[in-house]
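Chain naming here is simple, since letters A, B, ... match the order of the sequence lines and numbering starts at 1 in each.
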Protein chains: 2
Amino acid sequence: MADEGNLEAEKDPTSNIGNASAGPSLDMGCLTRVLGFHLRMANVAIFQDYQQTMAGLSLTPKQFTVLELVGCNPGVVQIDIAELLSMDKATTMALVDRLEARSLLERRPSRTDRRRKELFLTEEGKKVLQEARELIALHEKRFTSRFSEAELKSFVEQLRRIYRPLPD
Amino acid sequence: MADEGNLEAEKDPTSNIGNASAGPSLDMGCLTRVLGFHLRMANVAIFQDYQQTMAGLSLTPKQFTVLELVGCNPGVVQIDIAELLSMDKATTMALVDRLEARSLLERRPSRTDRRRKELFLTEEGKKVLQEARELIALHEKRFTSRFSEAELKSFVEQLRRIYRPLPD
DNA sequence: TATTGTTATACTCTATAACTATA
DNA sequence: TATAGTTATAGAGTATAACAATA
């Protein structure tokens, strides 16, 4: 039992974060050993830079993702996007609604199964997507530049290991 | 220029995700090369397992983080938590409000600077925190077991490289 | 009966801005 | 003047449940 499920806050020298530039330098307790915590912190850091970069286009990361998916898969339906991104179908609905309200994509009923609404980018949507790709490339570079080619490859592989249900 | 800011969707064999168990197997376009995308997917995967694990305690990851920080740093003030977690102070306010409403922590005005409200866990808060730590340890293990000790260490180091402003 | 999309509802996260009390 | 906390407000993400149309 001494090793099972133990997240007691033993003191260790890496137990402080936040001593980056000024910061309060708090004791992080068990958080230093919680993968989800580091993942969330990394996500927040990337998101903040993303927001600054994309302020002009006002596309959230998820909105960009959907735009890219529709761009690369014309006629894709909501349910497939929902499954791929692990979203509820109601959530996906709201997301697509916003993009449609901005005339970046449109829904067209499938001719073979009229329950399904196929998604297509509008001309405006294609233009915005291309602009977004260019901005995101610059944004990404600010982070990927902290890694060598090999490091980046293994880092991405490890991230995929987290979100792939089982190694395949 | 051929290499700068290029996120065009060249076909490559890793360009498909979502072929995990059933899934639609869409073309992911430039997303396979977007670090933020992989990070978000990993975050979602961990969050979903987290939610199942913590359903009984109904503590969000951030609520757990704050509880742990207050537990390890009795008397810490909101502004320090906000800075450490890169949150707005209004956001922090709402977060602490919810924890206080559930009587997991309490605010006490500092005696040296009455603008500051020091945070302390209640007895109930300490109990809940300990339960949460144990549940989270089990939850974490479902992901960390996909890595060797050395892999895990380098993975966490790489995540920190993302969220630390500058290597120090 | 199952699936796709839809609507209604609600809660959380998040940020902005303006305000109060204190330093 | 600056700082810590607070309140009000609003948009986005998320989930649940119920419903309509179609298969």
Side-chain angles (χ1 to χ4, degrees), chain A residues 22 24 40-41 43-52 54-55 57-67 75-102 104-119, chain B residues 22 24 40-41 43-52 54-55 57-66 75-102 105-119:
Chain A
R40 195 150 32 84
M41 292 293 281
N43 227 23
V44 167
I46 287 201
F47 180 65
Q48 285 178 342
D49 186 279
Y50 176 97
Q51 270 194 314
Q52 287 193 325
M54 302 287 282
L57 288 180
S58 60
L59 275 184
T60 68
K62 209 150 236 177
Q63 285 172 344
F64 169 73
T65 300
V66 170
L67 230 43
V76 66
V77 293
Q78 286 177 197
I79 197 81
D80 289 342
I81 291 177
E83 185 177 351
L84 178 64
L85 303 181
S86 302
M87 289 191 299
D88 192 87
K89 59 182 180 167
T91 306
T92 309
M93 185 72 197
L95 226 168
V96 171
D97 275 350
R98 272 173 229 123
L99 294 172
E100 190 184 38
R102 288 170 62 183
L104 299 181
L105 56 73
E106 54 187 26
R107 296 171 159 110
R108 300 184 205 153
S110 160
R111 274 175 301 183
T112 59
D113 181 345
R114 279 185 304 182
R115 287 175 306 183
R116 297 160 72 91
K117 310 291 177 65
E118 300 174 345
L119 302 177
Chain B
R40 195 149 34 82
M41 293 293 280
N43 226 23
V44 167
I46 287 201
F47 180 64
Q48 285 179 342
D49 186 279
Y50 176 96
Q51 270 193 314
Q52 287 194 325
M54 301 288 281
L57 287 180
S58 59
L59 275 184
T60 68
K62 210 152 236 179
Q63 286 172 343
F64 169 73
T65 300
V66 169
V76 65
V77 292
Q78 287 177 197
I79 197 79
D80 289 342
I81 290 177
E83 185 177 353
L84 178 64
L85 303 181
S86 302
M87 289 190 301
D88 191 86
K89 59 183 180 166
T91 305
T92 310
M93 186 73 199
L95 226 168
V96 171
D97 276 350
R98 272 173 229 124
L99 294 172
E100 190 183 38
R102 289 171 62 185
L105 55 73
E106 55 186 25
R107 295 170 160 111
R108 300 184 204 152
S110 159
R111 273 176 300 183
T112 59
D113 180 345
R114 280 183 304 179
R115 287 175 306 183
R116 298 162 72 92
K117 311 289 178 66
E118 300 174 346
L119 302 177

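Between the CG atom of A:N43 and the P atom of D:dG13 there is a distance of 14 Å, given to the nearest Å. Note: CG (A:L85) to C1' (D:dA12) measures 16 Å, nearest angstrom. A straight line from CG of A:D80 to P of C:dT3 spans 14 Å, rounded to a whole angstrom. Between A:M93 atom CE and D:dA18 atom C1' there is a gap of 15 Å when expressed in whole angstrom units. With rounding to whole Å, B:M54 atom CE is found 17 Å from D:dA15 atom P. Rounded to whole Å, the distance from CG on B:D88 to P on D:dT7 is 15 Å. Remark: P of D:dG13 and NZ of A:K62 are 8 Å apart, rounded to the nearest angstrom. Atom CD1 in B:I81 sits about 9 Å away from atom P in D:dG5, given to the nearest Å.
Of the two residues near DNA chain C, A:Q51 and A:Q78, the one whose nearest nucleotide lies more 5' is A:Q78. Nearest-nucleotide mapping onto DNA chain C: of A:E118 and B:Q63, the residue sitting toward the 5' end is A:E118. Between B:Q48 and B:A94, the residue anchored nearer the 5' end of DNA chain D, judged by the nucleotide with its closest heavy atom, is B:A94.
Among the nucleotides C:dT3, D:dG13, C:dG5, the one closest to any side-chain atom of A:K89 is C:dG5. Comparing C:dA8, D:dG5, D:dA8 against the side chain of A:A90 picks out C:dA8 as the nearest. For A:R115, taking side-chain heavy atoms from C-beta onward, the closest of the listed nucleotides C:dT4, C:dA23, D:dA15 is C:dT4. For A:R98, taking side-chain heavy atoms from C-beta onward, the closest of the listed nucleotides D:dA4, D:dT14, D:dG13 is D:dG13.
In this structure, a donor-acceptor pair under 3.5 Å is present between the side chains of B:Q78 and B:R107. A donor atom on one side chain and an acceptor atom on the other are not found under 3.5 Å apart for B:S110 and B:R115. For B:R40 and A:T65, the side-chain atoms include at least one donor-acceptor pair closer than 3.5 Å.
In the helix from C:dT1-D:dA23 to C:dA23-D:dT1, the rotation axis of the first five pairs and that of the last five pairs differ in direction by 0°, rounded to 10 degrees.
Heavy atoms of A:K117 sit under 4.0 angstrom from primed sugar atoms or phosphate atoms, though from no base atom. Contacts of B:T60 with the nucleic acid, taken as non-hydrogen atoms under 4.0 Å apart, involve only primed sugar atoms and P, OP1 or OP2. Within 4.0 Å (heavy atoms only), B:D113 reaches sugar-phosphate atoms of the nucleic acid but no base atom.
Between D:dT6 and B:R107, a contact under 4.0 Å exists linking OP1 or OP2 to a side-chain N or O.
Taking 4.5 Å as the limit, every side-chain heavy atom of A:P109 sits out of range of all side-chain heavy atoms of A:R116.
Checked against A:L119 for a side chain to side chain contact (heavy atoms under 4.5 Å, CB included), the options A:V96, A:D80, A:L67, A:V77 give a single hit: A:V96.
Electrostatic pairing of A:R102 and A:E100 does not count as a salt bridge here, judged by no charged N lying under 4.0 Å from a carboxylate O.
Atom CG of A:L99 sits about 12.0 Å away from atom CZ of A:F64, to the nearest 0.5 Å.
When every heavy atom of B:Q63 is checked against every heavy atom of B:L59, the shortest pair comes out as OE1-CA, 3.4 Å.
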